[in-house]
Asker: 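My questions all concern the structure below.
We count residues from 1, following the sequence as given. Values reported hereafter were calculated over all heavy atoms of this structure, with side chains retained and with hydrogens, waters and symmetry mates removed. One-based numbering, in listed order, for ligands and for the atoms of each.
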Amino acid sequence: MTPAFLSFEGIDGSGKSTQARRLAESLRATGHTVTLTREPGGSPGAEEIRALVLQGDTNRWSAETELLLFTAARRDHLEKTICPALARGEIVITDRFADSTRIYQGMRGNLPSTVNSLHDLMIGTEPDLTFLVDLDPKLGLARARARNDTEQRFENMGLSFQEKMRTGFLTLADLNPRFRVIDGSRDPDSIAAQLLALTRAQLS
Ligand code: ADP
Ligand code: TYD
């Protein structure tokens, strides 16, 4: 089997988790072994860090401290979950990866070169293919807030913050050939069909 590392990126509520799950199910139905995982989290240690970064006051951490926490979580996720699954020849699908740090912490704190240096030092891995699920932030924020969970720290940063994040993701996608930009405003079935076709093209 050929291992493959796929990531989903996009603003909050854009439909990443829904589509990552559907893609994993479709690939499993055609005989692939898939590890479906997420960030922040994806390993026991990183899931503990998740609660620290996603709950509480918006000003709880500076962008710099957040960068260190997300990178620590990613390093554990990589060591304990992603690398072992790729070594077994599996397809790994992660709901967010390092591009989220580039955009959320990099832009929030105006720290792009620090984010990239720390990534090179501690992570050093990029996905083979990245799906950017793009959506109007008004819609994304409404969907994310309707979940009504306790993990709303970034949603609470507001609409203009989400608009800035969306622009950042689109710019990053323009610069990197591993990105595919997906229109997240369509119905879930047609998005899932497009994602499966793009993934099959990558695997062939
Ligand atoms: P994300 O992981 O990007 O935050 P989710 O997949 O959790 O997004 O979706 C956020 C909410 O929007 C969920 O309630 C989900 O059921 C709904 N949703 C996801 N995709 C669509 C879609 N294409 N059209 C309408 N609603 C959607
Ligand atoms: P997630 O659970 O994927 O949220 P959502 O389902 O709303 O998209 O991620 C939680 C939040 O963490 C999200 O607002 C983005 C933020 N985040 C960062 O700021 N930096 C990172 O490196 C990652 C992985 C996530």
Side-chain angles (χ1 to χ4, degrees), residues 7-25 36-43 46-47 49-56 58 60-78 81-82 93-109 111-112 114-116 118-119 122-123 126-127 130-159 161-166 168-169 172 182-195:
S7 66
F8 279 78
E9 296 285 358
I11 58 166
D12 301 270
S14 57
K16 300 175 298 300
S17 314
T18 304
Q19 292 299 332
R21 193 172 53 246
R22 290 190 59 158
L23 182 61
E25 283 163 6
L36 174 63
T37 186
R38 69 163 182 187
E39 289 202 357
S43 62
E47 289 290 333
I49 297 174
R50 180 179 176 97
L52 294 175
V53 285
L54 298 192
Q55 297 180 20
T58 50
R60 183 176 184 186
W61 310 110
S62 68
E64 287 82 353
T65 313
E66 258 173 35
L67 167 61
L68 294 168
L69 289 167
F70 278 111
T71 306
R74 180 161 307 120
R75 175 75 199 203
D76 194 61
H77 184 208
L78 201 59
T81 304
I82 297 175
I93 301 177
T94 184
D95 183 351
R96 295 194 185 277
F97 193 64
D99 298 314
S100 283
T101 310
R102 292 191 172 102
I103 299 308
Y104 282 80
Q105 283 65 54
M107 291 183 70
R108 179 158 108 90
L111 301 166
T114 311
V115 170
N116 282 322
L118 196 57
H119 176 82
M122 285 296 151
I123 309 297
E126 302 293 353
T130 297
F131 297 120
L132 172 57
V133 185
D134 179 54
L135 189 68
D136 178 342
K138 282 197 198 77
L139 268 173
L141 209 48
R143 285 186 193 172
R145 284 195 167 133
R147 282 192 299 237
N148 205 18
D149 55 20
T150 53
E151 295 180 340
Q152 300 269 336
R153 199 173 147 253
F154 284 89
E155 283 84 341
N156 290 340
M157 293 183 192
L159 183 61
F161 177 76
Q162 296 290 335
E163 279 165 350
K164 206 171 148 190
M165 299 301 102
R166 182 201 200 182
F169 274 124
L172 196 60
I182 309 296
D183 176 0
S185 67
R186 293 170 302 143
D187 69 281
D189 287 350
S190 48
I191 299 174
Q194 183 191 10
L195 289 168

Asker: Which protein heavy atom lies closest to atom 2 (O) of ligand 1, and at what distance to 0.1 Å?
Answerer: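 So the nearest neighbour among protein heavy atoms is Ser17 OG, 2.4 Å.
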
Asker: Has ligand 2 got any nitrogen or oxygen that is less than 3.5 angstrom from a nitrogen or oxygen of Ser17?
Answerer: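 No - when backbone and side-chain N and O of Ser17 are compared with those of ligand 2, no distance drops under 3.5 Å.
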
Asker: Which of the numbered atoms in ligand 2 are below 4.0 angstrom from a heavy atom of Arg74?
Answerer: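 Near Arg74, meaning under 4.0 Å from one of its heavy atoms, ligand 2 has 22 (O), 24 (C).
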
Asker: Just by distance, do the side chain of Ser7 and the backbone of Pro127 share a donor-acceptor pair under 3.5 Å?
Answerer: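 No.
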
Asker: Indicate yes or no: does an N/O atom of Asp187 lie under 3.5 Å from an N/O atom of ligand 1?
Answerer: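 There is no such contact.
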
Asker: Counting non-hydrogen protein atoms only, what is the nearest one to atom 18 (C) of ligand 2? Give residue, atom name and distance.
Answerer: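 The closest heavy atom on the protein side is Phe70 CZ, 3.2 Å.
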
Asker: Check whether any side-chain heavy atom of Met165 sits under 4.5 Å from a side-chain heavy atom of Phe154, and report yes or no.
Answerer: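 Sidechains of Phe154 and Met165: no contact.
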
Asker: What residue and atom, counting heavy atoms only, is the protein's closest point to atom 5 (P) of ligand 1, and at what distance?
Answerer: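 Answer for atom 5 (P) of ligand 1: Thr18 OG1, 3.6 Å.
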
Asker: Can you tell which of Glu151, Arg38, Arg143 gets a heavy atom nearest to atom 11 (C) of ligand 1?
Answerer: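 It is Arg143 whose heavy atom sits nearest to atom 11 (C) of ligand 1.
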
Asker: Can you tell me how far the OG atom of Ser14 sits from the CG atom of Asp136, to the nearest 0.5 Å?
Answerer: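 Reported value, rounded in 0.5 Å steps: 11.5 Å.
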
Asker: Rounded to the nearest 0.5 Å, what separation is found between the CG atom of Leu111 and the CG atom of Asn116?
Answerer: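 CG of Asn116 is found 10.5 Å from CG of Leu111.
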
Asker: Determine the minimum heavy-atom distance between Phe70 and Pro40, stating which atoms define it.
Answerer: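 Closest approach of Phe70 to Pro40, heavy atoms only: CE2-CG, 3.6 Å.
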
Asker: Would you call Glu151 and Arg38 a salt bridge, taking side-chain N to carboxylate O under 4.0 Å as the test?
Answerer: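 The answer is no: the pair does not qualify as a salt bridge.
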
Asker: Pick out which of Arg74, Arg96, Arg75 makes a salt bridge (Lys or Arg N to Asp or Glu O under 4.0 Å) with Glu39.
Answerer: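 Result for salt bridge (Lys or Arg N to Asp or Glu O under 4.0 Å) with Glu39: Arg74.
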
Asker: Which value, rounded to the nearest 0.5 Å, describes the distance between Leu54 atom CG and Thr150 atom OG1?
Answerer: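 Leu54 atom CG to Thr150 atom OG1 measures 8.5 Å (nearest 0.5 Å).
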
Asker: Could you go through the salt bridge (charged side-chain N to carboxylate O under 4.0 Å, His left out) check for Arg145 and Asp12 one step at a time?
Answerer: CA-CA 9 Å; Arg145 284 195 167 133; Asp12 301 270; over 6 Å; no

Asker: Within the 3.5 Å criterion, strictly below it, is a donor on Asn156 or Thr58 matched to an acceptor on the partner's side chain?
Answerer: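 On atom types as modelled, these side chains do not qualify, holding no pair under 3.5 Å.
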
Asker: Of the protein's non-hydrogen atoms, which lies at the shortest distance from atom 7 (O) of ligand 1, and what is that distance?
Answerer: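 Looking only at protein heavy atoms, the one closest to atom 7 (O) of ligand 1 is Arg147 NH1, 3.0 Å.
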
Asker: Please state whether Gly10 comes within less than 4.0 angstrom of ligand 1, counting heavy atoms only.
Answerer: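 It does not; every heavy atom stays at 4.0 Å or beyond.
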
Asker: Counting heavy atoms only, which of Leu54, Asp149, Ile103 is nearest atom 12 (O) of ligand 2?
Answerer: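 The option holding the nearest heavy atom is Leu54.
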
Asker: For atom 14 (O) of ligand 2, tell me which residue out of Asp12, Ile11, Val133, Leu69 has the closest non-hydrogen atom.
Answerer: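 The option holding the nearest heavy atom is Asp12.
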
Asker: Starting from atom 3 (O) of ligand 1, find the nearest protein heavy-atom neighbour and note its residue, name and distance.
Answerer: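 The answer is Lys16 NZ, 2.6 Å.
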
Asker: Considering the options Leu78, Thr130, Thr37, which one meets the side chain to side chain contact (heavy atoms under 4.5 Å, CB included) requirement together with Phe97?
Answerer: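 For Phe97, the side chain to side chain contact (heavy atoms under 4.5 Å, CB included) test succeeds with only one of Leu78, Thr130, Thr37, which is Leu78.
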
Asker: Show the numbers, then the answer: is there a salt bridge (charged side-chain N to carboxylate O under 4.0 Å, His left out) between Glu9 and Arg102?
Answerer: CA-CA 11 Å; Glu9 296 285 358; Arg102 292 191 172 102; over 6 Å; no

Asker: Which atoms of ligand 2 are found less than 4.0 Å from any heavy atom of Gln105?
Answerer: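 Checking each atom against Gln105, I get 18 (C), 19 (O), 20 (N), 21 (C), 22 (O).
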
Asker: Is the closest heavy-atom distance from Ser14 to ligand 1 below 4.0 Å?
Answerer: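 Under 4.0 Å: yes for Ser14.
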
Asker: Compute whether any side-chain donor of one residue and acceptor of the other, for Thr101 and His119, lie under 3.5 angstrom apart.
Answerer: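 Note: Thr101 and His119 side chains miss the donor-acceptor criterion.
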
Asker: Please determine if Arg50 has a nitrogen or oxygen closer than 3.5 Å to a nitrogen or oxygen of ligand 2.
Answerer: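 In this structure, Arg50 places an N or O atom under 3.5 Å from an N or O of ligand 2.
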
Asker: Ignoring hydrogens and angles, tell me if any N or O in the side chain of Lys16 forms a donor-acceptor pair with the backbone of Ile11 under 3.5 Å.
Answerer: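 Answer holds: yes.
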
Asker: Using distance alone, decide if ligand 2 has a nitrogen or oxygen within less than 3.5 Å of any nitrogen or oxygen in Lys16.
Answerer: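 Yes: some nitrogen or oxygen of Lys16 is under 3.5 Å from one in ligand 2.
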
Asker: Glu155 heavy atoms, cut-off 4.0 Å: which ligand 2 atoms fall inside?
Answerer: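 Listed by number with element: 7 (O).
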
Asker: Please work out, at 4.0 Å between heavy atoms, whether the side chain, the backbone, both, or neither of Gln19 comes within that distance of ligand 1.
Answerer: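 Neither part.
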
Asker: Hey, which atoms in ligand 2 end up nearer than 4.0 Å to a heavy atom of Thr101?
Answerer: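 By the 4.0 Å cutoff, the relevant atoms are 21 (C), 22 (O).
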
Asker: Which ligand 2 atoms, with their elements, are less than 4.0 angstrom from a heavy-atom of Arg147?
Answerer: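 So the answer, numbered in order with elements, is 5 (P), 6 (O), 7 (O).
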
Asker: For the side chain of Arg60 and the backbone of Gln55, is there at least one donor-acceptor N/O pair under 3.5 Å apart?
Answerer: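 Such a contact is found between Arg60 side chain and Gln55 backbone.
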
Asker: Among all protein heavy atoms, pick the one closest to atom 3 (O) of ligand 2 and tell me residue, atom and distance.
Answerer: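 Here the nearest protein heavy atom works out to Arg96 NE, 2.8 Å.
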
Asker: What do we get for Val133 next to ligand 1 when only non-hydrogen atoms under 4.0 Å count, side chain, backbone, both or neither?
Answerer: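 It is neither; nothing of Val133 touches ligand 1.
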
Asker: Closer than 3.5 angstrom, by distance alone: can the side chain of Arg143 be matched with the main-chain N or O of Gly13 as a donor-acceptor pair?
Answerer: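 Yes; at least one donor-acceptor contact below 3.5 Å.
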
Asker: Any atoms of ligand 2 less than 4.0 Å from a non-hydrogen atom of Phe154? List them with their elements.
Answerer: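 Within the 4.0 Å cut-off of Phe154, ligand 2 contributes 11 (C), 12 (O), 14 (O), 16 (C), 19 (O).
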
Asker: Does the N or O separation between Arg186 and ligand 1 drop below 3.5 Å for any pair?
Answerer: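 Between Arg186 and ligand 1, an N or O pair is found under 3.5 Å apart.
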
Asker: Is there a polar contact between ligand 1 and Asp95, counting only N or O atoms under 3.5 Å apart?
Answerer: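 Looking only at distances, the answer is no, because the N/O contact criterion of under 3.5 Å is not met.
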
Asker: For atom 8 (O) of ligand 1, what is the closest protein heavy atom, and at what distance to 0.1 Å?
Answerer: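 Checking every protein heavy atom, the shortest distance to atom 8 (O) of ligand 1 gives Gly15 N, 3.1 Å.
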
Asker: With a 4.0 Å cut-off on heavy atoms, does Arg153 reach ligand 2?
Answerer: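 Arg153: no contact with ligand 2 (<4.0 Å).
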
Asker: Could you check if a side-chain atom of Phe8 sits within less than 4.5 angstrom of a side-chain atom of Gln19, using non-hydrogen atoms only?
Answerer: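 SC-SC contact between Phe8 and Gln19 confirmed.
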
Asker: Pull out every atom of ligand 1 sitting under 4.0 Å from any heavy atom of Ile191, numbered as shown with elements.
Answerer: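 Numbered from 1, ligand 1 contributes 23 (N).
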
Asker: Which of the atoms in ligand 1, numbered in the order shown and given with their element, are less than 4.0 Å from a heavy-atom of Pro188?
Answerer: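 Those atoms are 22 (C), 23 (N).
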
Asker: Is Arg21 paired with Asp95 through a side-chain N to carboxylate O contact shorter than 4.0 Å?
Answerer: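 Answer for the salt bridge query: no.
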
Asker: Should the proximity of Glu9 to ligand 2, defined as any heavy atom under 4.0 Å, be assigned to the side chain, the backbone, both, or neither?
Answerer: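 Near ligand 2, Glu9 shows nothing, with every heavy atom at 4.0 Å or more.
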
Asker: Just to confirm, does any protein heavy atom lie below 4.0 Å from atom 13 (C) of ligand 1?
Answerer: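 False for atom 13 (C) of ligand 1.
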
Asker: Between Glu66 and ligand 2, find which residue part has any heavy-atom pair under 4.0 Å and reply side chain, backbone, both or neither.
Answerer: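 Under 4.0 Å from ligand 2, Glu66 contributes no heavy atoms.
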
